[in-house]
J.: 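Have a look at this one.
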Amino acid sequence: NDDNLNYGPSTSTSSQMKVKSSICRPESQSIELLNIVRIVVPTEIDLQIQPFVKKECAFSITTVGTSTYAEEEYVFQAASQDERDRFVVAFKIMVARLTSKIIVGDTDVFDEFF
């Protein structure tokens, strides 16, 4: 349910480049599935950047960087910790399935995902 998910800007560091929020770019209204690098439960939340996020309900999606932008981290908040955990597992499985079907050249990928 989209009403239960809230997102906001986040900035953190990765080992190679700065992770920036997509919220500061007006064209960032969606996330390309094949650009997803990580879907994780954050170990800490910077309350200076996101003062209203409940850590126990939060998860983040990090996308691959491009020549124009560094990696981006999208932070979401589910209605409950259980909902967050279910969403993270299901989303990881979906992205892995889509990626594996594309890698092996499965022509059914378009019927299943699009």
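Hydrogens, waters and symmetry mates are skipped; everything else that's a heavy atom, side chains included, is used. If you're wondering where the values come from, they're calculated on a predicted model, not measured in any experiment.
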J.: Write down the atom of Ala58, the atom of Val41, and the distance for their closest heavy-atom approach.
T.: O-CG1, 4.0 Å
J.: Going by the salt bridge (charged side-chain N to carboxylate O under 4.0 Å, His left out) test, which pairs reach into residues 91-110, not counting sequence neighbours?
T.: Arg97-Glu112, Lys101-Asp106, Lys101-Glu112
J.: When you group the ILVMFWY residues by side-chain heavy-atom contacts below 4.5 Å and let the links chain together, are Leu47 and Val53 in the same group?
T.: yes
J.: For the atom pair CD1 (Ile61) and CD1 (Ile36), what is the distance rounded to the nearest 0.5 Å?
T.: 5.0 Å
J.: State yes or no: do Ile93 and Val104 share one hydrophobic cluster built from I, L, V, M, F, W and Y residues joined by side-chain heavy-atom distances below 4.5 Å, directly or via other members?
T.: no
J.: Check whether Val95 and Val64 end up in the same hydrophobic cluster, where Ile, Leu, Val, Met, Phe, Trp and Tyr are linked by side-chain heavy atoms less than 4.5 Å apart.
T.: no
J.: Looking just at side-chain N and O atoms, do Glu71 and Thr62 make a donor-acceptor pair shorter than 3.5 Å?
T.: no
J.: Indicate, with yes or no, if Val37 and Val40 share a hydrophobic cluster defined by side-chain heavy-atom contacts under 4.5 Å among Ile, Leu, Val, Met, Phe, Trp and Tyr.
T.: no
J.: Roughly how far apart are Ile39 CD1 and Ile31 CD1, rounded to 0.5 Å?
T.: 9.0 Å
J.: Atom OG in Ser30, atom OH in Tyr74: separation rounded to 0.5 Å?
T.: 7.5 Å
J.: Within this structure, what is the SG-CD1 distance for the pair Cys57 and Ile45, rounded to the nearest 0.5 Å?
T.: 10.5 Å
J.: Is there any salt bridge (charged side-chain N to carboxylate O under 4.0 Å, His left out) pair reaching into residues 49-65, and which pairs are they, with sequence neighbours excluded?
T.: none
J.: Give me the atom names and distance for the closest heavy-atom approach of Phe59 to Arg84.
T.: CD2-CG, 3.7 Å
J.: So, using side-chain contact (heavy atoms from CB on, under 4.5 Å) as the criterion, who are the partners of Ser100 when residues are at least two apart?
T.: none
J.: Taking all non-hydrogen atoms of both residues into account, name the closest pair between Leu98 and Leu34 and its distance.
T.: CD2-CD2, 4.1 Å
J.: Can you tell me how far CD of Glu72 sits from OG of Ser60, rounded to the nearest 0.5 angstrom?
T.: 13.0 Å
J.: With side chain to side chain contact (heavy atoms under 4.5 Å, CB included) as the criterion, how do Leu33 and Phe91 come out once you've worked through the C-alpha distance, each side chain's angles and the decisive distance to 0.1 Å?
T.: CA-CA 10 Å; Leu33 284 177; Phe91 206 72; 3.9 Å; yes
J.: Tell me whether Ile102 shares a hydrophobic cluster with Phe110, the cluster being built from Ile, Leu, Val, Met, Phe, Trp, Tyr side chains joined at under 4.5 Å.
T.: yes
